[in-house]
Amino acid sequence: MEKISSNRSFGILFCIVFAIIAVWPIFNDGSLRIWPIPISLIFLVLGLLNSKLLNPLNFAWIKFGELLGRIVAPIVMAIIYFMIVTPIGLFMRLIGKDFLNTKFSNDNSYWIKRQKNIGSMKRQF
């Protein structure tokens, strides 16, 4: 069972978000937005009281985050793989490097002889 964030932190977070929405136009030579201020105050009061009224909104917010993570994470990983890993691998093949020693060999064994003795394995840590 995963831990869901508290209603207090959820309420305060959304109070801050709506307060930023209210004052953001001031930084761009605009006027104060009025409609987010009451919403911000409602979230602040409910958050400070740790109200159970925020449970469904908090749950919906958590599920939205999980859904977003399921969509965004594979996309980001695919971009990293195809933009970084694949070109490096193709370049290494082009110049003939085989770091993992995976090329086919007609030898009886793929065992690699150790150059020096590693000694006793007692007291490793």
Side-chain angles (χ1 to χ4, degrees):
M1 185 80 187
E2 63 190 56
K3 183 181 182 291
I4 296 179
S5 67
S6 72
N7 290 336
R8 175 166 300 178
S9 62
F10 175 76
I12 293 172
L13 172 73
F14 271 84
C15 166
I16 293 169
V17 167
F18 280 104
I20 290 172
I21 291 172
V23 298
W24 190 263
I26 293 174
F27 297 115
N28 296 324
D29 298 329
S31 61
L32 181 71
R33 289 187 183 132
I34 302 299
W35 65 267
I37 295 173
I39 298 172
S40 176
L41 292 175
I42 290 170
F43 274 111
L44 178 64
V45 169
L46 291 176
L48 291 176
L49 296 176
N50 203 7
S51 174
K52 299 291 181 193
L53 292 174
L54 292 177
N55 273 347
L57 293 174
N58 193 4
F59 182 75
W61 183 250
I62 295 295
K63 290 300 175 189
F64 175 69
E66 289 174 359
L67 174 69
L68 205 57
R70 288 183 186 189
I71 294 170
V72 171
I75 293 171
V76 170
M77 293 305 289
I79 289 171
I80 289 172
Y81 183 79
F82 289 113
M83 299 295 282
I84 296 172
V85 176
T86 303
I88 291 172
L90 292 174
F91 178 71
M92 290 299 152
R93 278 190 178 199
L94 186 66
I95 63 173
K97 292 289 184 183
D98 185 22
F99 292 115
L100 297 178
N101 223 9
T102 57
K103 290 183 179 171
F104 181 73
S105 173
N106 287 328
D107 294 339
N108 290 337
S109 172
Y110 285 98
W111 189 265
I112 300 172
K113 298 287 186 191
R114 189 177 303 271
Q115 297 297 328
K116 63 180 183 175
N117 190 5
I118 61 170
S120 172
M121 295 300 283
K122 290 183 180 179
R123 300 169 65 94
Q124 297 178 39
F125 303 105

A.B. asks: Does Asn106 CG have over 12 foreign heavy atoms under 6.0 Å away?
C.D. replies: no

A.B. asks: Check the hydrophobic clustering (I, L, V, M, F, W, Y; side-chain heavy atoms under 4.5 Å; chains of links allowed) and say if Val85 and Val76 are grouped together.
C.D. replies: no

A.B. asks: Would Phe14 and Leu49 show up in the same hydrophobic cluster when neighbours are defined by side-chain heavy atoms closer than 4.5 Å?
C.D. replies: no

A.B. asks: Could you please spell out the steps behind the side-chain contact (heavy atoms from CB on, under 4.5 Å) verdict for Asn7 and Leu46?
C.D. replies: CA-CA 8 Å; Asn7 290 336; Leu46 291 176; over 6 Å; no

A.B. asks: Rounded to the nearest 0.5 Å, what separates atom CD1 in Ile20 from atom CZ in Phe27?
C.D. replies: 9.0 Å

A.B. asks: Is a side-chain N or O of Ser51 found less than 3.5 angstrom from the main chain of Leu54, in a donor-acceptor match?
C.D. replies: no

A.B. asks: Do the side chain of Arg33 and the main chain of Pro25 share a donor and acceptor less than 3.5 angstrom apart?
C.D. replies: no

A.B. asks: Establish whether Phe99 and Phe91 are linked, either directly or via other cluster members, by ILVMFWY side-chain heavy-atom contacts under 4.5 Å.
C.D. replies: yes

A.B. asks: Between Phe82 and Leu90, is there shared hydrophobic-cluster membership here, with clusters defined by ILVMFWY side-chain heavy atoms closer than 4.5 Å?
C.D. replies: no

A.B. asks: Show every donor-acceptor pair shorter than 3.5 Å between a side-chain atom in residues 36-44 and any protein atom, with sequence neighbours excluded, or say none if there are none.
C.D. replies:
{"from": "Ser40", "atom 1": "OG", "to": "Cys15", "atom 2": "O", "distance (Å)": "2.8"}

A.B. asks: To the nearest 0.5 angstrom, please state how far the CH2 atom of Trp35 sits from the CZ atom of Phe18.
C.D. replies: 6.0 Å

A.B. asks: Enter the distance from Met77:CE to Ile79:CD1 here, rounded to the nearest 0.5 Å.
C.D. replies: 11.0 Å

A.B. asks: Using a 6.0 Å cut-off, check whether atom CD1 of Ile95 has over 12 heavy atoms from anything other than its own residue.
C.D. replies: yes

A.B. asks: Rounded to the nearest 0.5 Å, how far does CD1 of Ile12 lie from CG of Asn50?
C.D. replies: 9.0 Å

A.B. asks: Before you tell me yes or no, could you show the steps for Trp61 and Leu57 under side-chain contact (heavy atoms from CB on, under 4.5 Å), namely the whole-Å CA-CA distance, both residues' side-chain angles and the distance that decides it to 0.1 Å?
C.D. replies: CA-CA 6 Å; Trp61 183 250; Leu57 293 174; over 6 Å; no

A.B. asks: When you group the ILVMFWY residues by side-chain heavy-atom contacts below 4.5 Å and let the links chain together, are Ile21 and Phe64 in the same group?
C.D. replies: yes

